[in-house]
2 protein chains.
Amino acid sequence: MRFPKLYEQLAPLGPIPESEWERAESLAREQAVERKAHFLRPGDAADRFAVVLQGVFRLVRVSARGGETVKAFRAEGELLGAYAEMLQRVASMTSIEALEPARVLVFRTQDFQTLEEGHGCWVRVARRVAERHFLLKERREQEFLELSAEERLDTFWAENPHLRGRVPQRDVAAYLGITEVALSRIMSRKRKRTE
Amino acid sequence: MRFPKLYEQLAPLGPIPESEWERAESLAREQAVERKAHFLRPGDAADRFAVVLQGVFRLVRVSARGGETVKAFRAEGELLGAYAEMLQRVASMTSIEALEPARVLVFRTQDFQTLEEGHGCWVRVARRVAERHFLLKERREQEFLELSAEERLDTFWAENPHLRGRVPQRDVAAYLGITEVALSRIMSRKRKRTE
DNA sequence: GGGCGAGGTTAACCCAGGTTAAGGCGGCAA
DNA sequence: TTGCCGCCTTAACCTGGGTTAACCTCGCCC
């Protein structure tokens, strides 16, 4: 098993033969990404994705009117890429930036396609990836519809303990759909309540 | 081509042989759903889905604390089902209810699986379905993050002109994540501005 | 016709969060 | 050391939306 965390996220997923892992790794290229450097920036072709080996990334959507919204964070063992843009074969509207010095294992989507043609297991992987992405977004939609900002914050830390201390507060705020000022206020409210 | 609207939504998708359409239709069962009747209710097994032939449905998520949120509307040519629950093989947490007298073409997920085993085209369909669902949710996430309630309303009508006059305002409000009172206020604000 | 129930509107009041602006504070470079 | 920068906090003020409750209007059934 090559990427236990990734594999676990995609479960239930049939086994992938050792020979296929080897074939996949022969197509991948390890790459270092410095803190504050970009894995992808808006306008780039969305023709590659990666597995995070080390570090944390933030995925930022830059809107037409200049607003920035944080769509997600990605840490060790997770997939990194402008997935929506890949599916639609359009240029990336997402900026993917390392919050720490990072290492990633990069695949070209084109190479992955040849993997798929070679062995059915990769088609199953691709499908599970699509389904996982959907489930995550659906959960997030639900949170926006029925939770307050404070509850979304609690949920965020409960589900992402590994991000503690690794993402700046302003990015957490942008992820929750509020300003950093509001987040600071919420946190001090919580502090007062429990002391 | 059997379901042009559905097929178009899933594009780009390879052709499906006529014989496979026939096989699929032999597994399907047409069903009438009365106004206010349920295609699925919370607690039901999420073991079937349908294509809407006629009518409009609303998909409601009933939360633990009793809150209701509208996740989506589905009209002619669209897929109907508790997709997230199907993927996770858990009981439905979604209530699917007809807003008009409706007709649907029902498939059991189990039957669809045998379709998939029979011909690769159905695997491709399933994958596109997952990807489409993801893209829709991603768009919705984006709207929550960067648009005001009023802008979400405009977007909603721009993207769903076919729902005009077919869905009650309170459901539109619940879909937008606001109350019906707030929606009414927004609409009267708009009216005043343009008169 | 009268009553009634569903869906929509309006108003009054409250609160969460946005906006703006003024610090605080630790780290780092000159 | 000094000064600056990145990140966070706090405060004052404003606004959009929630809550509650009264009311309107239409369709429907008796």
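Being a predicted model, the structure only gives us computed values, none of them experimental. Numbered from 1 within each chain, the chains take letters A, B, ... in sequence-line order.
- Ring geometry for A/Tyr83 against A/His133 counts as parallel: the plane angle stays under 30°, on a 0 to 90° scale with 60° as the upper cut.
- When rounded to the nearest whole Å, the span between CE of B/Met187 and P of C/dG8 equals 9 Å.
- When the C1' atom of D/dG18 is taken as reference, atom CD1 of B/Ile178 falls 11 Å away, rounded to whole Å.
- Regarding A/Glu180, its CD atom lies at a distance of 12 Å from the P atom of C/dT19, rounded to whole Å.
- Residues A/Glu150 and B/Gln169 each lie close to DNA chain C; by heavy-atom proximity, the contact nearer the 5' end of the strand is made by B/Gln169.
- Set against C/dT10, D/dT19, C/dG7, the side chain of B/Thr179 has D/dT19 as its closest nucleotide.
- Rounded to whole angstrom, the span from the CZ atom of B/Arg170 across to the C1' atom of C/dT9 amounts to 13 Å.
- Regarding B/Glu151, its CD atom lies at a distance of 12 Å from the P atom of D/dG16, rounded to whole Å.
- The listed nucleotides are D/dT10, D/dT20, D/dG17; the one nearest the side chain of B/Ala182 is D/dG17.
- One can find a donor-acceptor pair under 3.5 Å joining the base of D/dG18 and the side-chain atoms of B/Arg185.
- Residue A/Arg189 has its side chain nearest to C/dA16 when only C/dA16, C/dT9, C/dT20 are considered.
- Side chains of B/Ser19 and B/Glu22: no donor on one and acceptor on the other come within 3.5 Å.
- If you take CD1 of A/Ile186 and C1' of D/dT9, they are 14 Å apart, rounded to a whole angstrom.
- Looking at A/Trp122, A/Phe112, A/Phe49 one by one, the single match for ring pair (Phe, Tyr, Trp, His ring centres under 6.0 Å) with A/Phe107 turns out to be A/Phe49.
- Per the geometry, CG belonging to B/Asp171 stands 13 Å off C1' belonging to C/dG8, to the nearest Å.
- Rounded to a whole Å, the CG atom of A/Leu145 is 15 Å from the P atom of D/dG17.
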Check against side-chain hydrogen bond (donor to acceptor under 3.5 Å, both in side chains), B/Glu143 and B/Thr155: CA-CA 9 Å; B/Glu143 287 170 6; B/Thr155 307; 4.9 Å; no

